[in-house]
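Remember, it's 1-based here, ligands and their atoms both numbered in the order they're listed. Atoms considered below: every heavy atom in the structure, side chains included; atoms not considered: hydrogens, waters and symmetry mates. Source: prediction; values computed, not measured.
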Amino acid sequence: MIRNDWSFDEVKAIYDTPVLDLMYQAATVHRQHHDPQEVQVCTLLSVKTGGCPEDCAYCPQAARYHTGVKVEKLLPVQEVLDHAQRAKDAGSTRFCMGAAWREVRDNRDFDSVLEMVKGVNTLGMEVCCTLGMLTQTQAQRLKEAGLYAYNHNLDTSEEFYDDIITTRTYQDRIETLANVRGAKISVCSGGIIGMGETHRDRVGMLHTLATLPQHPESVPVNALVAVEGTPLEDQARVSVWEMIRMIATARMTMPKAMVRLSAGRVRMTTEEQALCFLAGANSIFAGDKLLTTPNPGTDQDQELFQLLNIRPRAAFKNGQAAQIKWEQIPSVV
Ligand code: SAM
Ligand code: DTB
Ligand code: SF4
């Protein structure tokens, strides 16, 4: 039932299905593999903001664009752990720490991130990081510190990639994903729509993800947040039907993955978000900020959950890697 041999045309045929039929089919597959009343609540925190040397055309944190994002150094470990505790108290079961780095370097900042990972794991949350490119050894060190998942997005298709990022290659991304997988860390990888890509590019990205040797456990689908000062500042907002097509196609081709309705929720109505859940999304980012841009606040999401009779999913439910206990973690620094 789980296939890694999808052809491009098969994925395209799913994506091109009349939208109501596509939703119905995806909702059916969703119910075969997941409890449709459960949605995972994750919290993001930017632990190192701005000043990034890369040229990702969508990103407010790239140093070369003038977006008004203030450059900050790495947050202190305790501040991050306090934030994680508050996220847990508000119902989050996964905590993802983001850094505006091109890649991880073996320095004191990385040692501090390892301490953050240890600490968040101890809180009993699924701990995730998104820190840029990783070597096999760095992935291993993160795993030993208790890292549960690593986010590294393909962002778009291989063909469109060079129009968006020139400072690293698609192959670099695939290699980082392989390093994460090699360290037995859960893989989170998806992309962004609304950057000027074609439908073929969207299908191409999903096809690449769905034909990896093992599907990512988590697939974030982001709608571009067009930030003033970035090269994509004038991009038109994507329609909810396009998000639905992406979510449903991800759900049909990677049935077991958590499909995350990620950036862009702040501009969606309750009804639009409900359609995304129906199409197979079963995870969101909570809290009033993503990394640097706004997100619906906790109160709004609590209302959404009550209205739709959704409950937050417990941590570590896929059982593939249970929480690593503090005593089992070797010293990492
Ligand atoms: N620097 C690391 C990297 O690029 O892998 C980690 C942080 S980066 C901000 C994580 C992801 O956020 C990107 O791969 C991209 O998919 C998403 N992202 C960044 N800016 C965005 C925007 N304006 N709208 C939607 N998604 C965005
Ligand atoms: C992902 O796919 N989306 C999140 C998370 N992974 C790191 C990030 C969205 C960032 C949106 C722009 C910002 O807030 O800076
Ligand atoms: Fe840097 Fe990541 Fe933003 Fe690209 S997406 S500019 S690598 S922070």
Side-chain angles (χ1 to χ4, degrees), residues 42-65 67-72 74 94-105 113 128-134 149-156 160-161 164-170 172-177 179-180 187-197 205 209 216 218-235 237-238 243 246-247 250 257-267 281 283-296:
C42 317
T43 294
L44 267 176
L45 177 66
S46 181
V47 298
K48 161 69 189 89
T49 305
C52 183
E54 297 294 271
D55 69 352
C56 311
Y58 49 76
C59 189
Q61 302 198 66
R64 65 191 72 202
Y65 312 134
T67 62
V69 167
K70 224 175 91 212
V71 180
E72 279 167 33
L74 189 73
R94 183 160 170 138
F95 190 70
C96 179
M97 298 178 279
W101 289 337
R102 173 175 202 270
E103 76 240 309
V104 168
R105 304 244 171 100
V113 170
C128 176
C129 280
T130 181
L131 313 168
M133 293 188 282
L134 272 189
Y150 195 80
N151 166 253
H152 198 62
N153 289 338
L154 290 183
D155 280 344
T156 190
F160 190 60
Y161 185 87
I164 299 296
I165 301 153
T166 68
T167 47
R168 59 180 164 182
T169 66
Y170 210 66
D172 289 334
R173 299 236 171 195
I174 302 273
E175 267 163 39
T176 292
L177 292 181
N179 289 339
V180 172
V187 171
C188 172
S189 188
I192 310 175
I193 63 168
M195 302 190 293
E197 73 288 336
M205 181 189 85
L209 292 170
S218 157
V219 179
V221 179
N222 296 278
L224 175 76
V225 183
V227 177
E228 210 182 312
T230 63
L232 299 182
E233 63 184 3
D234 291 328
Q235 282 295 316
R237 189 189 152 192
V238 295
M243 285 299 272
M246 285 301 282
I247 289 168
M258 301 298 292
V259 177
R260 194 176 337 275
L261 172 57
S262 303
R265 274 197 321 119
V266 78
R267 301 186 67 173
S283 168
I284 56 164
F285 285 118
D288 55 13
K289 213 152 104 179
L290 288 165
L291 289 171
T292 64
T293 64
N295 193 47

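For T130, every heavy-atom contact with ligand 2 shorter than 4.0 Å involves the side chain, none the backbone. Contacts between L291 and ligand 2, counted as non-hydrogen atom pairs separated by less than 4.0 Å, involve both the backbone and the side chain. Residue contacts with ligand 2 for V227 are absent, since no atom lies close enough (heavy atoms, distance under 4.0 Å).
Remark: among candidates M133, R168, E54, R173, the nearest residue to atom 3 (C) of ligand 1 is R168, based on non-hydrogen atoms.
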(message) Let's go through Y65 and E233 carefully: what are the C-alpha distance in whole Å and the side-chain angles of both, what is the deciding distance for side-chain contact (heavy atoms from CB on, under 4.5 Å) to 0.1 Å, and is it a yes or a no?
(response) CA-CA 11 Å; Y65 312 134; E233 63 184 3; over 6 Å; no
(request) Applying side-chain contact (heavy atoms from CB on, under 4.5 Å), run through Q235 and M195 and close with a yes or a no. (result) CA-CA 7 Å; Q235 282 295 316; M195 302 190 293; 5.5 Å; no
(request) List the steps, then state whether side-chain contact (heavy atoms from CB on, under 4.5 Å) holds for C188 with R94. (result) CA-CA 12 Å; C188 172; R94 183 160 170 138; 4.2 Å; yes
(request) Give the intermediate values and the outcome of side-chain contact (heavy atoms from CB on, under 4.5 Å) for residues Y161 and R168. (result) CA-CA 10 Å; Y161 185 87; R168 59 180 164 182; 3.6 Å; yes
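Residue, atom and distance of the protein heavy atom nearest to atom 7 (S) of ligand 3 are R168 NH2, 3.1 Å. The shortest contact between atom 3 (N) of ligand 2 and any protein heavy atom is with N222 OD1, 2.9 Å. The protein non-hydrogen atom at the shortest distance from atom 15 (O) of ligand 2 is T292 OG1, 2.6 Å. Counting only heavy atoms of the protein, atom 12 (C) of ligand 2 lies nearest to T293 OG1, 3.6 Å. Residue, atom and distance of the protein heavy atom nearest to atom 8 (S) of ligand 3 are A100 CA, 3.6 Å. Considering only non-hydrogen protein atoms, atom 4 (Fe) of ligand 3 sits nearest to C56 SG, 2.2 Å. Scanning all protein heavy atoms for the shortest distance to atom 6 (N) of ligand 2 gives N151 OD1, 3.4 Å. Closest to atom 1 (Fe) of ligand 3 among all protein heavy atoms lies C52 SG, 2.3 Å.
Counting all heavy atoms, side chain and backbone alike, P231 lies closest to A57 at CD-O, 3.2 Å. Taking all atoms of both residues into account, the shortest heavy-atom contact from A226 to L232 is CB-O, 3.6 Å. Considering every non-hydrogen atom in both Q61 and T49, the closest pair reads OE1-CA, 3.3 Å.
Listed by atom number, the atoms of ligand 1 under 4.0 Å from H152 heavy atoms are 5 (O). Counting atoms of ligand 1 from 1 in the listed order, those under 4.0 Å from a heavy atom of A223 are 25 (C). Heavy-atom contacts of P220 reach the following atoms of ligand 2: 2 (O) (cutoff under 4.0 Å). Annotation for ligand 3: atoms under 4.0 Å from non-hydrogen atoms of E54 are 1 (Fe), 4 (Fe), 6 (S), 7 (S). Listed by number with element, the atoms of ligand 1 under 4.0 Å from a non-hydrogen atom of G132 are 2 (C), 5 (O). Every atom of ligand 2 with a heavy atom of N153 under 4.0 Å away is listed here by number and element: 1 (C), 2 (O).
With Y170 contributing its side chain and T156 its backbone, the two residues share a donor-acceptor pair below 3.5 Å. The main-chain N or O of P53 is found under 3.5 Å from a side-chain atom of R64 such that the two form a donor-acceptor pair. Side chain of N295 to backbone of G287: a donor-acceptor contact under 3.5 angstrom is found. Here the side chain of N151 pairs no donor or acceptor atom with the backbone of C96 at under 3.5 angstrom. With hydrogens and angles disregarded, no donor-acceptor distance shorter than 3.5 Å links the side chain of R102 to the backbone of M133. Between the side chain of R237 and the main chain of R267, a donor-acceptor pair closer than 3.5 Å is present.
When only modelled atom types and interatomic distance are considered, T169 and D172 share a side-chain donor-acceptor pair under 3.5 Å.
Taking distance alone, with nitrogen or oxygen atoms compared against 3.5 Å, I192 stays at or beyond that limit from ligand 1. Considering backbone and side-chain N/O atoms, W101 comes within less than 3.5 Å of an N/O atom of ligand 1. Considering backbone and side-chain atoms alike, Q61 places every N or O at 3.5 Å or more from each N or O of ligand 1. Considering both main-chain and side-chain atoms, V225 comes within under 3.5 Å of ligand 1 through a nitrogen or oxygen pair.
Within the 4.0 Å heavy-atom shell around ligand 2 one does not find Y58. Residue S262 places no heavy atom under 4.0 Å from ligand 1. The shell of residues lying under 4.0 angstrom from ligand 1, judged by heavy atoms, excludes A226.
Distances from atom 8 (S) of ligand 1 to the protein include no heavy-atom value under 4.0 Å.
Among the atoms of C59, no N, O or S atom is found under 2.8 Å from atom 1 (Fe) of ligand 3.
Remark: T166 pairs with D55 by the side chain to side chain contact (heavy atoms under 4.5 Å, CB included) rule, at least two apart or across chains.
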